[in-house]
Trainee: 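Below is the structure I would like to discuss, written out as structure tokens.
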Protein chains: 2
Amino acid sequence: MKDFESTAETLIRSTGDRVTGARVHVLAVLLGAGRALTHNEVEARLEPELGINRVTVYRVLEWLTQRNIAHKLSGEDRVWRFSVQEQGHGGQHPHFVCNACGRVLCLADSDESPKPRLPVGFQSTEMELTVKGLCDACNEHSRRTAARGKK
Amino acid sequence: MKDFESTAETLIRSTGDRVTGARVHVLAVLLGAGRALTHNEVEARLEPELGINRVTVYRVLEWLTQRNIAHKLSGEDRVWRFSVQEQGHGGQHPHFVCNACGRVLCLADSDESPKPRLPVGFQSTEMELTVKGLCDACNEHSRRTAARGKK
DNA sequence: CTCCAGTTGCAACACAAATGCATTTGCGTG
DNA sequence: CACGCAAATGCATTTGTGTTGCAACTGGAG
């Protein structure tokens, strides 16, 4: 955990902006998550005694996104999710969303880019590819239990 | 307009569920739109004298989605958008989102599907490809204002 | 140490969407 | 063709995510 905090501090310091407790702790949570987290998930993983405000978490996440340290993506449940920008991913990597537990994680970039044809006059700046399905845990779980309502 | 309503009625009747005014009118609006509409846009296009409630529009749109008549997708602004499921599109077609005006429309399917590699144990059921950029109108508009001098 | 722009906390707000419940309505049945 | 009832609707209220205005605080430069 402390490892993530020092990494977080280094990343934040490299932006030239202020190194504050909230920024370090929020980024450390994202670094330790290994997947995209919602604002609520980030808040829940912060030590309560730190006393970091809900709004501050929003603003830190927004700040991280602007500095290209984190990546902001919209899920199917109209909730923002944030993940640390891993090295080599230019922000164009595809994401996987689990239909059962809602987990979101980043996938390795595909070798080829699909590039659908656009109508005339249209201009593409970026592309987001989202693969939906079952993650390993939910896949295993659903295989074990025959019929069950989904979450 | 009336043409869309009769098409809508046929589609709704084919589900075996009830054919109600709200369902016919809402679906007719979607059929005539040619692009994905938000709940608000649908509501705005309904004749006010029909007196269709806001909540009813939500429920009809949800019902249309469940019956696979409409397609529900989430934009970057955390607002649901609904489009009629066109024939031949298995719900796998890519979408285009305009960064300026927020318009969403369906694109023709690409020749090949990219299929990024998934981690072990993961299972893919569907995929959503969203292309972001500027639509024809906004593209033209930004080109004109840029030529007029920078702001 | 002092200062102050950049941050944070707090409260109040904005807004899409969901829910509980009473009322209405489509449509199969007698 | 009237009747009955589950499905559908209208209305008020609630939920949950995210935003904003403003006062108080603080990191770090000097």
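Remember, predicted model here, so these are calculated numbers, not experimental data. Chain letters run A, B, ... following the sequence lines, proteins first, then strands; residues in each count from 1.
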Trainee: Between A/Glu128 and B/Lys132, is the salt bridge (charged side-chain N to carboxylate O under 4.0 Å, His left out) condition met? List the steps.
Mentor: CA-CA 8 Å; A/Glu128 190 168 304; B/Lys132 286 174 255 183; 3.3 Å; yes
Trainee: Nearest whole angstrom, please: distance from the C1' of C/dA16 to the CG of B/Leu37.
Mentor: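 Checked: the CG to C1' distance equals 16 Å.
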Trainee: Report the residue (A/Trp63 or A/Arg54) whose heavy-atom-nearest nucleotide on DNA chain C is the more 5′ of the two.
Mentor: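 Result: A/Trp63.
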Trainee: More 5' along DNA chain D: B/Arg23 or A/Trp80, using each one's nearest nucleotide?
Mentor: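 Result of the comparison: B/Arg23.
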Trainee: For A/Glu9 and D/dG27, give me the distance from atom CD to atom P, rounded to whole Å.
Mentor: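 In whole Å, D/dG27 P lies 12 Å from A/Glu9 CD.
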Trainee: When we call it a touch if two heavy atoms are under 4.0 Å apart, what does B/Arg59 touch: a base, just sugar-phosphate, or nothing?
Mentor: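 It contacts base atoms.
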Trainee: Can you tell me how far P of C/dA17 sits from OH of B/Tyr58, to the nearest Å?
Mentor: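 Atom-to-atom, B/Tyr58 to C/dA17, this comes out as 4 Å.
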Trainee: For A/Leu50 and D/dT26, what is the distance between atoms CG and C1' respectively, to the nearest whole Å?
Mentor: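 Distance check: A/Leu50 CG to D/dT26 C1' gives 16 Å.
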Trainee: Nearest of C/dT8, D/dT9, D/dG18 to any side-chain atom of B/Val60?
Mentor: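 Nearest nucleotide to the side chain: D/dT9.
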Trainee: Taking only the side-chain nitrogens and oxygens of B/Asn40, find out if one of them lies under 4.0 Å from OP1 or OP2 of C/dA16.
Mentor: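 Affirmative; the distance criterion is met.
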Trainee: Please name all residues satisfying ring-ring contact (aromatic ring centres under 6.0 Å, His included) with A/Phe82, sequence neighbours left out, ordered by chain then number.
Mentor: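 Listed in chain order: nothing, the list is empty.
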Trainee: Examine the side chains of B/His25 and B/Glu47 and answer whether a donor and an acceptor come within less than 3.5 Å of each other.
Mentor: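 There is no such pair (donor and acceptor under 3.5 Å, judged by atom type) between the side chains of B/His25 and B/Glu47.
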Trainee: Mark yes or no for whether B/Glu140, through its side chain, and B/Ala137, through its backbone, hold a donor-acceptor pair below 3.5 Å.
Mentor: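 Checked: no pair found.
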Trainee: Once you round it to whole Å, what is the distance between C1' of D/dT19 and NZ of A/Lys72?
Mentor: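 For the pair A/Lys72 NZ and D/dT19 C1', the rounded distance is 11 Å.
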Trainee: Identify which nucleotide among C/dG9, D/dT17, C/dA18 has an atom closest to any side-chain atom of B/Val55, counting heavy atoms from C-beta outward.
Mentor: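 Output: C/dA18.
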Trainee: Are A/Lys72 and A/Glu62 ion-paired here, with the side-chain N under 4.0 Å from a carboxylate O?
Mentor: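 A/Glu62 and A/Lys72: salt-bridged.
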Trainee: Could you tell me how far apart A/Asp77 (CG) and C/dA17 (P) are, to the nearest whole angstrom?
Mentor: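 Distance check: A/Asp77 CG to C/dA17 P gives 12 Å.
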Trainee: When the distance from CD1 of B/Ile52 to P of C/dT24 is rounded to whole Å, what number comes out?
Mentor: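 That distance rounds to 18 Å.
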Trainee: Is it possible for you to say whether B/Leu46 and B/Leu11 belong to one hydrophobic cluster, with membership spreading through side-chain heavy-atom contacts below 4.5 Å?
Mentor: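 Shared cluster, yes.
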Trainee: Distance check needed: C/dA17 C1' versus B/Arg81 CZ, whole Å only.
Mentor: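 In whole Å, C/dA17 C1' and B/Arg81 CZ are 15 Å from each other.
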Trainee: Go through residues 11-22 of chain B and report each residue with a non-hydrogen atom lying under 4.0 Å from DNA chain C, sorted by number.
Mentor: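 Correct list: B/Arg18, B/Val19.
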Trainee: Mapping A/Arg78 and B/Gly51 onto DNA chain D by nearest heavy atom, which one lands closer to the 5' end?
Mentor: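 First, find each residue's nearest nucleotide; the 5'-ward one identifies B/Gly51.
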Trainee: OP1, OP2 of C/dT8 versus side-chain N and O of A/Asn53: anything below 4.0 Å?
Mentor: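 No, because none of the side-chain N or O atoms of A/Asn53 sits under 4.0 Å from OP1 or OP2 of C/dT8.
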Trainee: In terms of relative ring orientation, are B/Phe122 and A/Phe96 parallel, tilted or perpendicular, with 30° and 60° separating the classes?
Mentor: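 Ring orientation of B/Phe122 relative to A/Phe96: perpendicular.
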